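As structure tokens, the structure follows; a few thoughts come after it.
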Amino acid sequence: MDCRSARGVLVWLCLAGVLGSCASAPRSSPPPNAGGSGSPAGLSQREREGFYHLAQGNEHLWLAVLRALPSRSTLEGRVSGFQSFLDEPERFGLLSDPDSPEGLPVGVALVPATERHPVARVGINCAACHVGEFHYRDAKVRVDGAPSLLNMDDFNREAVEVLSRTLMDRTQLLAFLERLAVYLPEQTRGGRPPRLEAVADARLQEAYPDTELTPDGNSSAREKLVAEVEWYCGSQQPSPCEPPRLKADPVLLREFDEQLGQYFREQSRKQVRTVPDAIRVLRGHLVYFMRLGTLKFGAQAGPGRVDAFGVARGVLFGPQAAGVLDAPVSYPCLWEFQTSPWLHWDGNTNSIMERNIGQALGMGAVVDRRTFESSVLPRNLAEMERLSRKIVSPAWPEEVFGALDAGRIERGRGLFAQNCQGCHDKPGVIPLEAVGTDGNRARSFASRVGDLEFPAALQDLLSRVKQRAYAREGLSQEEISPLEPGIVYWRAPMGYVSRPLSGIWASPPYLHNGSVPTLWDLLQPVARRPARFPLGQHEYDPEKVGYVTEVSGTPRFTFDVSMPGNGNGGHEYGTGLSDEEKLDLIEYLKSL
């Protein structure tokens with residue numbers, strides 16, 4: 001799909017941090033960088049609420065639909081009663097937020113109902129990827145700006161699975177429609193979901209007022225509901241109750257994009273009026289989640305990682321331009337990216353707003369490729385940037401992980417100066433041949449899209465979307481200037497940025513692709529670094545500094561360094577130190 005000739009395609013980039021980052025609970029151990037109300041060190045509670053839930057323009061999922069949608073555990077009978085797709089979000093690596101009035105997890109943004117859109121809608125914002133939590137013994141430490149363990153692969157796969165099964169299975173579809181009748185009127189206002197009980201006939205009639213569900217001498221409201229579903233699902237071929245086809249075929253992709261466009265047109269409806277309306281909205285959610293089905297992945301990203309620009313290239317410019325996606329990278333911590341004018345792991349741009357607009361597109365915002373009109377909200381993105389800049393690097397939480405050893409810190413200071421400071425004292429791009437780490441990310445961004453290098457093609461699109469968004473919201477030059485460099489660059493430097501290591505304890509696993517679980521392992525020669533380790537658990541190792549590498553039972557995900565893009569080689573600085581010297585250096589790193 002050529003960006004210069006595409007006509008009216010609504011572009012969807014998956015619910016993942018596709019173009020980088022934007023710039024609490026449980027309360028047993030507060031975030032080290034929390035600060036009090038009005039504190040200059042970190043976010044106040046009010047600011048944190050905004051950071052956790054502020055809309056970016058990608059909120060296209062109906063809260064009521066996600067409340068009424070069953071989880072995989074419900075469909076498989078592994079839980080008693082009904083568990084919705086939004087319940088127990090920890091299984092996806094999302095963190096709970098008991099302060100949310102709607103009971104939404106950290107990083108799920110809410111757009112309340114309005115006269116124009118009388119249904120509450122949700123989407124993912126950057127806090128989903130950039131709030132971390134570490135568990136040690138019975139304590140939990142939450143850190144704003146730290147990388148999370150969000151697993152967008154699991155989120156997307158389960159959504160596609162449960163939406164497909166709900167749509168195809170008449171029993172599940174009827175149960176969904178009854179639950180939607182309960183949740184939809186309540187979710188026009190937001191707030192926590194009502195208690196799910198038996199659905200009264202009056203509630204069914206209220207939810208679907210233009211479908212005849214009034215009980216009579218021959219049929220109950222539910223019998224009429226069953227008949228309506230059977231009629232609609234069998235009314236045409238292919239059935240509107242079958243999942244759409246999706247293959248890497250130009251004709252099917254055009255048909256799929258038309259269905260995606262229909263889904264977004266459904267979002268502008270005043271409300272669900274009929275049972276077919278509700279089924280179309282359900283199917284539209286499935287279409288929304290399926291858009292990545294044409295892309296080929298060389299390795300699963302797993303918790304806390306995403307192949308950001310590979311996905312962007314594939315969805316924006318077509319599956320052929322993407323090739324096989326084999327460059328997953330970790331979510332970065334936010335505070336270290338405030339130290340350099342160049343953003344992302346490879347320092348590929350200096351534009352804050354183009355990065356943030358790309359991030360909003362990456363989380364599900366849409367853009368019309370004829371006009372470059374989009375759903376992104378630049379003022380909200382600017383506010384997210386302001387909030388992210390207030391996040392400071394966290395201090396080592398001695399009350400949870402134990403006191404630091406002053407003697408070791410002092411000895412480690414000298415070792416740091418000898419082995420690390422030359423690269424990490426000032427930000428700069430270290431060429432691949434020097435650092436020696438996995439080069440797939442750098443090479444992926446340097447690939448071509450038709451006649452253009454990918455950075456140039458991406459910059460052209462984002463610049464156009466940015467200017468249209470500024471004009472739509474009437475941003476003044478005074479508002480824009482702090483967020484824009486004099487000249488915007490997108491580039492492929494073929495290396496990775498070295499940055500100051502403040503708060504390094506709160507950003508495991510290590511290296512740009514998360515291929516080394518702890519700082520202790522990073523100080524070992526490559527041959528002694530773990531080739532496979534569990535990932536997805538929050539349990540922290542204060543001695544090795546990182547996530548524990550031994551867990552009971554089946555791990556959520558197993559990281560395998562032999563997979564494409566997962567290489568753990570390179571960066572063998574300090575590996576020749578003695579074990580005691582390594583412990584001294586690690587103690588100093590804890591103190592930064």
Side-chain angles (χ1 to χ4, degrees), residues 16-23 33 51 93 95 106-107 124-134 143-152 301-312 327-352 354-356 358-360 362-363 384-385 387-394 423-424 427-430 435 437-438 440-442 444-445 493 495-517 519 522 535 545-547 565-566 571 589 592:
V18 167
L19 293 175
S21 62
C22 42
N33 57 350
F51 182 68
L95 299 173
V106 172
I124 301 291
N125 80 2
C126 57
C129 302
H130 299 291
V131 177
E133 187 170 277
F134 308 100
V143 182
D144 294 336
S148 76
L149 291 173
L150 174 63
N151 190 333
M152 288 309 308
R305 301 200 309 161
V306 63
D307 187 347
F309 290 103
V311 173
V329 298
S330 292
Y331 306 140
C333 56
L334 294 187
W335 56 85
E336 71 172 29
F337 279 80
Q338 301 168 11
T339 63
S340 170
W342 294 101
L343 310 171
H344 301 131
W345 287 111
D346 41 2
N348 56 32
T349 186
N350 64 341
S351 175
I352 294 170
E354 288 188 12
R355 175 200 66 178
N356 289 352
Q359 182 263 341
M363 294 296 190
M384 290 294 282
E385 180 64 27
L387 295 174
S388 71
R389 289 188 180 192
K390 289 196 67 176
I391 294 172
V392 298
S393 61
C423 289
H424 290 286
V429 174
I430 309 298
V435 70
T437 52
D438 193 294
N440 279 20
R441 158 60 181 256
S444 174
F445 197 76
Y496 300 117
V497 175
S498 63
R499 301 186 185 276
L501 298 181
S502 58
I504 189 66
W505 68 267
S507 61
Y510 297 101
L511 298 183
H512 74 281
N513 59 355
S515 58
V516 181
L519 289 180
L522 188 60
L535 190 60
V545 184
Y547 292 117
N566 287 4
H571 199 282
L589 292 173
L592 295 179

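Computed from a predicted structure; not experimentally measured. Counting from 1, the numbers follow the sequence of the chain as shown.
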Step by step, would you call I430 with C423 a side-chain contact (heavy atoms from CB on, under 4.5 Å)?
CA-CA 8 Å; I430 309 298; C423 289; 4.2 Å; yes
Run the numbers on L519 and L589 for side-chain contact (heavy atoms from CB on, under 4.5 Å), then give the verdict.
CA-CA 9 Å; L519 289 180; L589 292 173; 4.0 Å; yes
Would I504 and Y510 count as a side-chain contact (heavy atoms from CB on, under 4.5 Å) if you check the C-alpha gap in whole Å, the side-chain angles of each, and the deciding distance to 0.1 Å?
CA-CA 9 Å; I504 189 66; Y510 297 101; 3.8 Å; yes
The test is side-chain contact (heavy atoms from CB on, under 4.5 Å); show your working for T437 and H512 and say whether it passes.
CA-CA 8 Å; T437 52; H512 74 281; 4.2 Å; yes
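Counting only distance, with no hydrogens or angles, the side chain of N513 and the backbone of G565 share a donor-acceptor pair below 3.5 Å. When atom types are taken as modelled, the side chain of S393 and the backbone of G503 share no donor-acceptor pair closer than 3.5 angstrom. Put simply, the side chain of S148 gets close to the backbone of A128: a donor and an acceptor are under 3.5 Å apart.
A ring-centre distance under 6.0 Å is found for F309 and H344.
Among all heavy-atom pairs drawn from A506 and W335, the shortest one is CB-CH2, 4.0 Å. Across every non-hydrogen atom of C126 and F51, the tightest pair is SG-CE1, 4.3 Å. Shortest non-hydrogen contact noted between V143 and P394 is CG1-CG, 3.6 Å. The shortest non-hydrogen separation linking F134 to W505 is CD1-CZ3, 4.1 Å. Across every non-hydrogen atom of N440 and Y496, the tightest pair is N-OH, 4.1 Å. Nearest heavy atoms, A327 versus D307: N-OD2, 3.0 Å.
Side-chain contact between M152 and V311 is absent, with no heavy atoms from C-beta onward closer than 4.5 Å. The side-chain heavy atoms of N566 and P328, taken from C-beta on, include a pair separated by under 4.5 Å. Counting heavy atoms from C-beta on, the side chains of P427 and P500 come closer than 4.5 Å.
Distance check, rounded to the nearest 0.5 Å: CG of N348 to CH2 of W342 gives 9.0 Å. Here S388 contributes atom OG and N356 contributes atom CG; the two are 7.0 Å apart, rounded to the nearest 0.5 Å. Here CG of L95 is found 5.0 Å from CD of E133. Values are rounded to the nearest 0.5 Å. Between L501 atom CG and H424 atom NE2 the span is 4.5 Å, to the nearest 0.5 Å. A distance of 8.0 Å separates CZ in R305 from CG in L535, rounded to the nearest 0.5 Å. In this structure, the separation between CG on L522 and NE2 on H571 is 5.5 Å, given to the nearest 0.5 Å.
Among L149, I124, L150, the single residue meeting the side-chain contact (heavy atoms from CB on, under 4.5 Å) criterion with C129 is L150.
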